[in-house]
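Everything on this sheet refers to the single structure shown next.
Computed from a predicted model, the values in this text were never measured in an experiment.
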Amino acid sequence: MANSKSAKKRVLINERNRVRNQAVKTRVKTMTKKVLAAVETTDVEAAKAALTVAYKEFDKAVTKGVLKKNTASRKKARLAAKVNAL
């Protein structure tokens, strides 16, 4: 357990950040699954709509520092390739 006052504060801040990061990652994964589900059903319009929402979530995750820029870019490119294959 933390002894100093600043160490106790860091424990609280780390927990707060962990919860926020977990929420952001969950949102990104959910939007990714929605795009893939639309691709599976070969629904082009739904896939494109879900892709724009997923792009927005990836960009938010990057600005919050949850994902690295190249990681988000790679995942966006792979999703776009699947949608464009329709």
Side-chain angles (χ1 to χ4, degrees):
M1 186 59 201
N3 291 323
S4 67
K5 186 176 181 181
S6 61
K8 291 177 183 176
K9 182 178 179 183
R10 288 306 312 170
V11 168
L12 295 174
I13 292 172
N14 287 338
E15 177 62 18
R16 184 186 69 204
N17 291 343
R18 184 188 70 80
V19 170
R20 186 200 68 194
N21 291 343
Q22 190 177 30
V24 172
K25 283 183 185 177
T26 302
R27 254 196 322 273
V28 166
K29 287 179 185 177
T30 301
M31 294 306 149
T32 302
K33 287 177 187 174
K34 285 186 179 182
V35 173
L36 294 177
V39 169
E40 285 290 319
T41 61
T42 63
D43 188 358
V44 178
E45 292 303 316
K48 286 184 179 179
L51 186 64
T52 58
V53 175
Y55 271 17
K56 187 175 178 183
E57 290 299 330
F58 277 116
D59 292 337
K60 278 186 184 179
V62 169
T63 57
K64 290 178 188 289
V66 178
L67 291 178
K68 289 189 174 180
K69 188 170 73 170
N70 287 351
T71 301
S73 179
R74 181 183 69 242
K75 290 178 185 258
K76 284 169 25 177
R78 288 178 182 172
L79 282 178
K82 289 182 180 182
V83 171
N84 291 336
L86 294 178

Candidate pair V83 and K48, rule side chain to side chain contact (heavy atoms under 4.5 Å, CB included), full reasoning
CA-CA 7 Å; V83 171; K48 286 184 179 179; 4.0 Å; yes

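Between K76 and the choices D59, T32, T71, the side chain to side chain donor-acceptor pair (under 3.5 Å) rule is met once, by D59.
To the nearest 0.5 Å, atoms CZ (R16) and CG (N21) are separated by 11.0 Å. Atom CD of E40 and atom NZ of K33 lie 13.5 Å apart (nearest 0.5 Å). The CD atom of Q22 lies 12.5 Å from the CG atom of N17; values are rounded to the nearest 0.5 Å. Note that CG of L67 is 11.0 Å distant from CD of E57, once rounded to the nearest 0.5 Å. Residue K5 holds its NZ atom at 10.0 Å from NZ of K8, rounded to the nearest 0.5 Å. The CZ atom of R74 lies 9.5 Å from the CZ atom of F58; values are rounded to the nearest 0.5 Å.
Under the 4.0 Å criterion applied to side-chain N and carboxylate O atoms, E15 and R18 are assigned as salt-bridge partners.
V66 approaches K25 most closely through the heavy-atom pair CG1-CG, 3.6 Å. What you find for V28 and A61 is that their closest heavy atoms are CG2-CB, 4.0 Å. For the pair T41 and A38, the tightest heavy-atom approach, listed with the atom from each and the gap, is OG1-O, 3.0 Å.
S73 places no side-chain N or O within 3.5 Å of a backbone atom of K69 that could act as its donor or acceptor partner.
K82 is listed as a side-chain neighbour of L36, based on a closest heavy-atom distance under 4.5 Å. Side chains of R27 and V24 form a contact here, defined as non-hydrogen atoms less than 4.5 Å apart. A 4.5 Å side-chain heavy-atom check between K34 and V53 finds every atom pair outside the cut-off.
Under the 4.5 Å side-chain contact rule for hydrophobic residues, V39 and L79 share a cluster.
Heavy atoms from other residues, nucleotides or ligands lying under 6.0 Å from CG of N3 number 12 at most.
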